[in-house]
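Taking it in order: structure first as structure tokens, then the write-up.
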Amino acid sequence: RPALRMSIMSNFILGIDLGTTSVKAVLLAAGCRTVAAGHSEPTAADVSDDRGIKAKEQDPGRIINAVNRCLAQLPGDKLQHVSRVGLTGQMHGVLFWKANSGCDWSNGNYFTPRDTSQLVTWQDGRCSSEFLSSLPKPESHLGVSTGFGCATIFWYMKHRPQFLEDFSVAGTIQDYVVSMLCGLDSCVMTPQNAASWGFFNTTSNQWNENTLKAAGFPIRLLPRCVPPGALVGQTHSAWHGVPAGTPVGAALGDFQCSVYSCMSSPADAVLNISTSAQLTFAMPADFTPPDSPQLESSISYFPYFDSSYLAVAASLNGGNALATFVETLTAWMKELGVESRDPCMYEKLIGSALNQESSDLMVSPTILGERHDPLCLGQVTNISSSNLSLGHVFRALCRGVVSNVTSMMPVEHLQQAGVRRLVGSGSALARNEVLRQEVERAFPLQVVYGQNADSAVGVAMALSD
């Protein structure tokens, strides 16, 4: 019996997703793709900006604190039998740190950040259209937008050059965690995250070093790239019960991992609605992306696994648009002298919209613009005296989130690519029945919802395959 129990307990893969608003960790039983345990924690990591530069930053200390709280809730006996660790997380953003002093380890069991910057996230808006147009043209099929790592570094070069002198390493938040776990003095990155920074050629899997050097870019901050699925080191200390010496994979993109967790056929498309929203399907194996950015196209091609690509309509506006509406309602009530901290407000809005099966109110929820059209902001139209109830407004807002994505990648485009089934995933879609109803109305396809469709599961699956 003891020998049998040890064989059952001996192989779990730990997958961790460092998201925009929360951290999730899962233990996947290797070989059978069964989630043995999982837990998520909110990060509450946003840092307020009073500098007037449209910055969107997060405190890495709060993010890592959420990781520590999350892992503390997983079964200790299973953590002791983790055979691999995989990290994924929010793409595009950049964190800076000092080599060899990026964190402090406490009793060999967990670490806290030290000598790091704030995380400049994918939602950062400091790089204006004028600033972006002044940058060199990337030798890549992917353009560069505000919130992309290389664009942010260019901004610091122009506005705060001394800031960059204080740090020797840069990466995404998930790359940082990998470096700390393995005790690396540099950053190792996969093409999934490198492409999200800009100035990376996914065909050659190389940075545009000559172009960047000519522009005075600090090449020393560019991570070294390895293929998705590569192991880059081992835990150099025990970590929440995970043994020292456990292999750690190079960090992957959260979008790719979310897709990997639920796309089971070339005839599948995946619609993910979490903080933002993405609609995607797999391109044929022989697909080669264009040589240069298609700046006005709403469809991009993201590197996936095994040198393949995903066609992606990546919207900046998803669950964050719904959250902004809830926050706005709360602020209005406060202005009226009505203090409301109702934790069920979101659920009540869903309930009111479920009672309003349709609405002729039209809401375009693009409050953040879109990367292919930054100046196209939100609108509310077709307002009448009969469609101003909360049910009408929230129903129209949910429909607008879905309609915006389908305007970026029309259903006809999916059908021409041979897509026959839509797999829904993401936290906003999971908790919002109105959103699911609008998805099912918008897509004349079989619609299913992935039970384990999330990035933490996906990164664990990628390391187990």
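Values below: all heavy atoms of this structure, side chains included; hydrogens, waters and symmetry mates excluded. Just so it is clear, the structure is predicted and the values come from calculations on it, not from any experiment.
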Check whether [X] reaches the backbone of [Y] with its side chain - one donor and one acceptor, N or O, closer than 3.5 Å.
| X | Y | result |
| --- | --- | --- |
| Arg399 | Glu438 | no |
| Tyr176 | Pro60 | no |
| Arg84 | Gly249 | no |
| Thr34 | Ala36 | no |
| Thr235 | Ala238 | no |
| Thr280 | Leu271 | no |
| Gln294 | His141 | no |
| Ser261 | Gly458 | no |
| Thr20 | Thr275 | no |
| Asp373 | Gly369 | no |

Quick one about [Y] and [X] (side-chain donor to acceptor, distance below 3.5 Å, no hydrogens or angles considered), yes or no?
| X | Y | value |
| --- | --- | --- |
| Asp268 | Ser264 | yes |
| Asn68 | His240 | yes |
| Gln90 | Asp254 | no |
| Ser145 | Trp122 | no |
| Thr172 | Asp175 | yes |
| Ser358 | Gln356 | no |

Evaluation steps, side-chain hydrogen bond (donor to acceptor under 3.5 Å, both in side chains), between Thr202 and Tyr309: CA-CA 10 Å; Thr202 60; Tyr309 289 85; 2.8 Å; yes
How far apart are the closest heavy atoms of [X] and [Y], and which atoms are they?
| X | Y | result |
| --- | --- | --- |
| Ala442 | Thr406 | CB-CG2, 4.5 Å |
| Met283 | Leu310 | CG-C, 4.3 Å |
| Cys187 | Ser179 | CA-OG, 3.9 Å |
| Thr43 | Ala66 | CG2-CB, 3.9 Å |
| Ala170 | Pro223 | O-CG, 3.5 Å |
| Gly229 | Leu463 | O-CD2, 4.1 Å |

Crowding at CZ, Arg420 (>12 non-hydrogen neighbours, <6.0 Å):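 It does not: Arg420 CZ has 12 such atoms or fewer within range.
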Heavy atoms from other residues, nucleotides or ligands near CE of Met345 exceed 12 (cutoff 6.0 Å):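 Counting other residues, nucleotides and ligands, CE of Met345 exceeds 12 neighbours.
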Asn272 vs Gln278, side-chain hydrogen bond (donor to acceptor under 3.5 Å, both in side chains): CA-CA, chis, key distance, verdict: CA-CA 5 Å; Asn272 180 77; Gln278 303 89 19; 2.9 Å; yes
Taking the six-membered ring for Trp and the single ring otherwise, decide whether the centroids of [X] and [Y] are under 6.0 Å apart.
| X | Y | value |
| --- | --- | --- |
| Tyr110 | Trp239 | no |
| Tyr301 | Phe287 | yes |
| Phe255 | Phe302 | yes |
| Phe199 | Phe148 | no |

Using a 4.5 Å cut-off on heavy atoms from C-beta on, say whether the side chain of [Y] contacts that of [X].
| X | Y | result |
| --- | --- | --- |
| Val232 | Val178 | yes |
| Ser237 | Leu181 | no |
| Val242 | Val85 | yes |
| Arg431 | Glu347 | yes |
| Ile383 | Leu388 | yes |
| Val23 | Ser40 | no |
| Leu14 | Ile16 | yes |
| Trp97 | Met180 | yes |

Candidate pair Asp306 and Tyr304, rule side chain to side chain contact (heavy atoms under 4.5 Å, CB included), full reasoning: CA-CA 7 Å; Asp306 302 321; Tyr304 193 40; over 6 Å; no
With Gln174, the side-chain hydrogen bond (donor to acceptor under 3.5 Å, both in side chains) member among Thr88, Asp17, Asn193: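 Answer after filtering Thr88, Asp17, Asn193: Asn193.
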Sole residue of Gln123, Gln118, Arg126 in side-chain hydrogen bond (donor to acceptor under 3.5 Å, both in side chains) with Glu57: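 Only one of Gln123, Gln118, Arg126 forms a side-chain hydrogen bond (donor to acceptor under 3.5 Å, both in side chains) with Glu57, namely Arg126.
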Atom [atom1] of [X] and atom [atom2] of [Y]: how far apart are they, to the nearest 0.5 Å?
| X | Y | atom1 | atom2 | answer |
| --- | --- | --- | --- | --- |
| Leu429 | Ile273 | CG | CD1 | 5.0 Å |
| Cys127 | Ile53 | SG | CD1 | 9.5 Å |
| Lys56 | Asp124 | NZ | CG | 9.5 Å |
| Leu252 | Met91 | CG | CE | 10.0 Å |

Stepwise salt bridge (charged side-chain N to carboxylate O under 4.0 Å, His left out) test for Lys24 and Asp454: CA-CA 9 Å; Lys24 182 171 184 179; Asp454 68 41; 2.5 Å; yes
Aromatic ring pairing Phe281/His413, orientation class (parallel under 30°, perpendicular over 60°, tilted between):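 Tilted, since the angle between the ring planes falls between 30° and 60°.
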Derivation and outcome, side chain to side chain contact (heavy atoms under 4.5 Å, CB included), residues Ile64 and Val177: CA-CA 8 Å; Ile64 301 305; Val177 174; 3.7 Å; yes
Test log, rule side chain to side chain contact (heavy atoms under 4.5 Å, CB included), inputs Gln437 and Leu354: CA-CA 9 Å; Gln437 287 178 352; Leu354 288 173; 3.4 Å; yes
Candidate pair Ser106 and Thr112, rule side chain to side chain contact (heavy atoms under 4.5 Å, CB included), full reasoning: CA-CA 8 Å; Ser106 175; Thr112 52; over 6 Å; no
CA sep, side-chain torsions, deciding dist, call: Asn404, Ser315, side-chain hydrogen bond (donor to acceptor under 3.5 Å, both in side chains): CA-CA 8 Å; Asn404 181 54; Ser315 171; 3.1 Å; yes
Val401 and its side-chain contact (heavy atoms from CB on, under 4.5 Å) partner, picked from Asn320, Leu322, Asn317: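 With Val401 as partner, side-chain contact (heavy atoms from CB on, under 4.5 Å) holds for just one option, Leu322.
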Full working for ring-ring contact (aromatic ring centres under 6.0 Å, His included) between Phe163 and Phe96: CA-CA 10 Å; Phe163 172 88; Phe96 303 91; 5.4 Å; yes
